[in-house]
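Owing to the predicted nature of the structure, the values given are computational and were not obtained by experimental measurement.
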Amino acid sequence: SAEEQSSQASVYQQQQEQCVSPYVLITPNETRRNQLQQIAKKELDDLERWKEEHRPGPIKLVPQRLGGKESEAQARQKQQMMLMQSKYQQKNKREEYVKAKKAAEEAEILKKKAIQREKAERLEVKKRQQEIRRREMFLEDQY
């Protein structure tokens, strides 16, 4: 405990506090700062050495003519045609998407109509049966 207090006191003496206006200025611990700088310098040297060891060698490529057998004008014309075709393809794709969407909506509507038609037919049959029963009851009451 006494040793800790003496070591803390020495650290405190090394880090002298200075009161500057509303702030307290603490001077850095020189030994710790030097250690950190040495560690940082060693790491930078290691990094430089690693980069030097792992630097890629020279690239050796055989020169060759690129671009195929077309001239520049032909290549540009081909690009222009592809651009125009891509615009038409996008337009056709959009139109087909809209058509498919409309067809799906129409199929859904037809399906709903068929369901409602079946319900209406069942209701009509039920009404007819009730009417027949009512007439039978009426005829029984007459006799």
Side-chain angles (χ1 to χ4, degrees), residues 1-140:
S1 169
E3 292 176 6
E4 290 177 13
Q5 287 178 352
S6 64
S7 66
Q8 287 178 354
S10 65
V11 169
Y12 181 74
Q13 287 172 355
Q14 288 177 354
Q15 293 182 338
Q16 297 174 357
E17 292 184 3
Q18 295 177 359
C19 291
V20 180
S21 63
Y23 302 105
V24 175
L25 181 67
I26 299 174
T27 58
N29 186 345
E30 284 297 320
T31 56
R32 180 74 176 139
R33 184 170 182 267
N34 290 337
Q35 286 176 350
L36 288 174
Q37 283 182 336
Q38 287 176 355
I39 292 170
K41 187 172 186 276
K42 181 181 176 288
E43 287 178 355
L44 282 173
D45 291 341
D46 290 345
L47 176 66
E48 288 297 323
R49 194 174 335 106
W50 184 88
K51 281 183 182 178
E52 193 64 33
E53 290 173 1
H54 292 84
R55 190 174 67 185
I59 299 173
K60 296 177 183 175
L61 287 176
V62 178
Q64 57 183 341
R65 185 173 181 170
L66 301 175
K69 297 177 181 170
E70 293 181 345
S71 68
E72 184 180 347
Q74 288 174 334
R76 290 187 186 274
Q77 186 177 12
K78 188 176 177 182
Q79 282 181 336
Q80 187 70 23
M81 289 296 293
M82 288 176 65
L83 178 67
M84 292 173 65
Q85 287 176 355
S86 71
K87 287 181 183 178
Y88 288 123
Q89 287 173 353
Q90 287 177 350
K91 186 177 178 182
N92 287 339
K93 191 176 180 181
R94 261 188 251 119
E95 287 176 358
E96 287 181 21
Y97 173 74
V98 169
K99 285 180 185 177
K101 191 174 178 181
K102 281 185 180 180
E105 288 175 357
E106 192 68 31
E108 188 70 25
I109 290 171
L110 289 174
K111 184 178 174 183
K112 289 179 180 178
K113 281 184 180 180
I115 290 170
Q116 291 298 328
R117 192 174 300 117
E118 287 178 16
K119 285 182 182 178
E121 287 173 359
R122 277 190 252 129
L123 185 63
E124 188 68 32
V125 168
K126 189 176 179 181
K127 282 184 180 179
R128 276 193 229 129
Q129 288 175 352
Q130 284 179 350
E131 183 66 27
I132 292 171
R133 280 193 223 120
R134 191 181 62 79
R135 286 185 184 172
E136 288 175 357
M137 294 289 282
F138 180 72
L139 288 175
E140 286 180 6

* Under a 4.5 Å cut-off applied to non-hydrogen side-chain atoms, are E43 and I39 in contact? -> yes

* Asked: Who are the side-chain hydrogen bond (donor to acceptor under 3.5 Å, both in side chains) partners of R122, not counting sequence neighbours?
  -> none

* Asked: Pairs in or reaching into residues 83-121: which pass ring-ring contact (aromatic ring centres under 6.0 Å, His included), with residues at least two apart or in two chains?
  -> none

* Does a side-chain N-to-carboxylate-O contact under 4.0 Å join D45 and K42? -> no

* To do: Kindly state each residue pair satisfying salt bridge (Lys or Arg N to Asp or Glu O under 4.0 Å) with at least one member in residues 80-100, sequence neighbours excluded.
  => none

* Structure fact -> The reported gap from CD in E53 to CZ in R49 (rounded to nearest 0.5 angstrom) is 7.0 Å

* To do: Not counting sequence neighbours, which residues clear side chain to side chain contact (heavy atoms under 4.5 Å, CB included) with R55? List them please.
  => E52

* Could you note down all residue pairs passing salt bridge (Lys or Arg N to Asp or Glu O under 4.0 Å) where residues 75-85 supplies at least one of them, sequence neighbours left out? => E70-K78, E72-R76

* Listed partners of K113 passing side chain to side chain contact (heavy atoms under 4.5 Å, CB included), at least two apart -> I109, R117

* Asked: Heavy atoms, side chains only, cut-off 4.5 Å: are K119 and Q116 in contact?
  -> yes

* Not counting sequence neighbours, which residues clear side-chain hydrogen bond (donor to acceptor under 3.5 Å, both in side chains) with R128? List them please. => none

* Decide if atom CD of Q35 counts as having more than 12 heavy atoms of other residues, nucleotides or ligands within a radius under 6.0 Å. => yes

* **Pairs meeting criterion ring-ring contact (aromatic ring centres under 6.0 Å, His included) with involvement of residues 30-56, two or more places apart** => W50-H54

* Asked: Salt-bridged, R134 to E131, with N to O below 4.0 Å?
  -> yes

* State which residues pass side chain to side chain contact (heavy atoms under 4.5 Å, CB included) with Q37; sequence neighbours excluded, sorted by chain then number. => R33, N34

* **Euclidean distance, L123 CG relative to E118 CD, rounded to 0.5 Å** => 13.5 Å

* Structure fact -> Applying side chain to side chain contact (heavy atoms under 4.5 Å, CB included) to Q79 and not counting sequence neighbours gives none

* To do: Applying side-chain contact (heavy atoms from CB on, under 4.5 Å), run through E48 and L44 and close with a yes or a no.
  => CA-CA 6 Å; E48 288 297 323; L44 282 173; 5.6 Å; no

